[in-house]
Amino acid sequence: MGVLLPCKENMMETNLEPTAGFEGFEKRLEIEFFVPSVFSDPDGMGLRMLSRAELNALLHVAECSIVSELKNGHFDSYVLSESSLFVYPYKIVLKTCGTTKPLKAIPLLLSYASNFSLKVKSCKYSRGAFLFPKDQPFPHGNFSDEVKFLEKYFGSLGGRAYVMGDVSGKRNWHIYSAADIGDDIDSRLEPVYTLEVCMTQLDKGLASKFFKGSCGSAAEMTQTSGIIDLLPGSNICDYAFDPCGYSMNGTEDNCFYTIHVTPEDSCSYASFECMGYNPQKVNLCNLVEKVICCFKPASFSLFLHVSGSDAVWNDVQSWGKNKCPSGYVCDGTSWELLPTGMAGYCIFKENIAGSLSFPQPGILFLDEELQLSKLKSELTKCAVKMSQYSGISAPDAGDVPLVVSPVIVDPAVEELDMLIEKINLHAQLKGPLYVMDLGLLRHWNSCEQITPRVQPLYAVKCNSDGAFLALLAALVDGFDMVSKAEGETVRKLGMSVGYIIFCKFLEIEECESLLITEKYFGLKQQVLLFKERKNR
């Protein structure tokens, strides 16, 4: 696990109680400089030679302040009243939330850099879509003003602005990138990976750990939330705000990671960033999974920037659906080639219903008079097939009830209330539990006896629950469908069905694409009928 170190804390009173409209999304400014000659900087300290008074003046312009610090042999890290500051010899990263003005600090920062004979190599500014854009001061009120401001200082480097993400504008990622490509940035350098995760609508129970009434200290918040286990080799400097809120910086050699939490339910938000970690040594996919487990947000966005050659382009593009954390679905991806490297942006949302359209988990509540023996084989096949789509484990065909999701239960086995409680504890459900009472199916045998020549078909549109369809597959002679989507649902469940009849005209190609095996002659007949009509 990470190591909690005593941090040097500013002794000023810090009482930051976010309002209902507190802006959690950070603005991130990163400026890198060329390494000067050894005569200009013989000790190789660069910006790390800035005094505390100079840093305070810089942050005063941005309207934030230092509350604690942690240094190592590679760089200096500072936890701020609003997020974090990282100072390397020839690079600086300023990340601030709320209504701060980090861009306003650029003139003074460039003035400091000129005193050390440092020339700008690249600049990267990025942020998400603000929750409360009207509260932002100039130039942060809109992205156009931010770009104009940045162009005044970095336009000569060939700056470019991008808006990545969804067209609604509510989940966009804004980025400005500029680099001195005339000096040919050394492609032999190892690519630097920067990963940012922005999480909204945090789990209430997990967010409550970041209130001082729940955890009395920053160290306790770091421990109980699981943050301490994210990157075990790091040293951690954390800070708890009063009455709630949390920030931390973790350092490991020349790498850092930082987390900031606004836990109030009205605007709950958490951010995670790591920079410099080698993906060959630190599995970034697993890291994201662990971060998400600490907060369990309803939705989150992921931004990955990789500096270096085009060789990492495929790595950036692999993020999204191919690297989707468990329990979530990818809701959009975009990629851009920037002057400073490659960038990918992905949006994820909680997968409450599973990848199929029916609720998960659910209970099929069977009357004790209904014979289960006839259904076991079909239900087992159904659950095995469904496991490929929604993570359901295959049941043991000899067990009654089948303790999987969906669950088949005979009320003679245990009380329904007790079963619901058991499933809720096992699955840690956040949403409603779907209960389906199939007791009326005890009349099925009677219906078969009364109408022996009738071959019943079930209309899928009435209820497309996967387990329910599997149950009916063992009873009815087939299914009636009106759309390609309904046919896909039946096909994915892998059930053995006698007839599949379409009662709505479909294109020939659509019907033929749904053919599973030749034994679905009901569908074959429909296709032939369509062909005859088309020929006429």
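Residues passing the side-chain hydrogen bond (donor to acceptor under 3.5 Å, both in side chains) test with S268, sequence neighbours excluded: none. Residues that satisfy the side-chain hydrogen bond (donor to acceptor under 3.5 Å, both in side chains) test with S77, not counting sequence neighbours, are absent from this structure. In this structure S301 satisfies the side-chain hydrogen bond (donor to acceptor under 3.5 Å, both in side chains) test with no other residue, sequence neighbours excluded. Among residues two or more places apart in sequence or in another chain, the ring pair (Phe, Tyr, Trp, His ring centres under 6.0 Å) test is passed with F33 by none. Taking the ring pair (Phe, Tyr, Trp, His ring centres under 6.0 Å) definition, one finds that Y78 meets it with nothing, sequence neighbours left out. Considering only residues two or more places apart in sequence or on other chains, S144 meets the side-chain hydrogen bond (donor to acceptor under 3.5 Å, both in side chains) condition with none of them. Partners of F143 by ring pair (Phe, Tyr, Trp, His ring centres under 6.0 Å), not counting sequence neighbours, listed by chain and number: H174.
Side chains of S37 and S40: a donor on one and an acceptor on the other come within 3.5 Å. Remark: the E63 side chain and the T100 side chain contain no N/O donor-acceptor pair separated by less than 3.5 Å. Counted by atom type alone, T340 and S307 present zero donor-acceptor pairs between their side chains at under 3.5 Å. Checked by atom type, the side-chain pair K101/Q136 shows no donor-acceptor distance below 3.5 Å. A donor-acceptor contact under 3.5 angstrom links the side chains of S247 and H260, judged on distance only. One side chain, Y246 or T222, offers a donor N or O that lies under 3.5 Å from an acceptor on the other.
Identified under the ring pair (Phe, Tyr, Trp, His ring centres under 6.0 Å) test for residues 97-130, with sequence neighbours left out: none. Screening residues 282-291 for side chain to side chain donor-acceptor pair (under 3.5 Å), with sequence neighbours left out, gives E289-S326. Note on residues 137-156: pairs passing salt bridge (charged side-chain N to carboxylate O under 4.0 Å, His left out), not counting sequence neighbours, are R127-E146. Every pair tested for salt bridge (charged side-chain N to carboxylate O under 4.0 Å, His left out) that includes a residue from residues 243-262 fails, sequence neighbours excluded, so the list is empty.
By the 4.5 Å heavy-atom criterion applied to side chains, I92 and L58 are counted as neighbours. Side-chain contact between C244 and E264 is present, with at least one heavy-atom pair separated by less than 4.5 Å. The side-chain heavy atoms of R28 and T194, taken from C-beta on, include a pair separated by under 4.5 Å. Looking at R160 and L338, their side chains never come closer than 4.5 Å, going by heavy atoms from C-beta outward. Two residues are said to be in side-chain contact when any heavy atoms from C-beta on lie closer than 4.5 Å; E23 and D135 fail this criterion.
Remark: aromatic rings of F25 and Y269 are close, center separation under 6.0 Å. The ring of F241 has its center closer than 6.0 angstrom to the ring center of Y239.
Taking the six-membered ring where the residue is Trp, Y88 and F75 present parallel rings, their angle staying beneath 30° rather than reaching 60°. Using bins of under 30°, 30° to 60° and over 60° for the plane-to-plane angle, the ring pair F348/F300 lands in the parallel bin. Taking the six-membered ring for Trp and thresholds of 30 and 60 degrees, F256 and F86 have nearly parallel ring planes, at less than 30 degrees apart.
At a threshold of 4.0 Å, the pair K119-E32 does not count as salt-bridged, since none of the basic side-chain nitrogens sits closer than that to a carboxylate oxygen. Note on R48 versus D76: salt bridge recorded, some NZ/NE/NH1/NH2 to OD/OE distance being below 4.0 Å. For K95 and E82, the salt-bridge test fails: no basic side-chain N is under 4.0 Å from an acidic carboxylate O.
Scanning both residues, L337 and Y162, for their nearest heavy atoms gives O-OH, 3.5 Å. What you find for C274 and L284 is that their closest heavy atoms are SG-CD2, 4.4 Å.
To the nearest 0.5 Å, atom CD1 of residue I66 and atom CG of residue N56 are 5.0 Å apart. We find the OG-CD distance between S299 and Q201 to be 5.5 Å, quoted to the nearest 0.5 Å.
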Take S84 and T258 through the test side-chain hydrogen bond (donor to acceptor under 3.5 Å, both in side chains) and record every step on the way to the result. CA-CA 8 Å; S84 296; T258 182; 3.1 Å; yes
If you apply the rule salt bridge (charged side-chain N to carboxylate O under 4.0 Å, His left out), what do you find for R52 with E54, and how did you get there? CA-CA 5 Å; R52 183 60 175 267; E54 288 173 317; over 6 Å; no
Side chain to side chain contact (heavy atoms under 4.5 Å, CB included), that's the test. Do I292 and K296 meet it? Break it down for me. CA-CA 5 Å; I292 296 303; K296 294 184 179 178; 5.6 Å; no
Please list, one pair per line, the donor and acceptor atoms closer than 3.5 Å that link side chains of residues 204-212 to other protein atoms, with sequence neighbours excluded.
| from | atom 1 | to | atom 2 | distance (Å) |
| --- | --- | --- | --- | --- |
| S208 | OG | G205 | O | 2.5 |
| K209 | NZ | T224 | O | 3.1 |

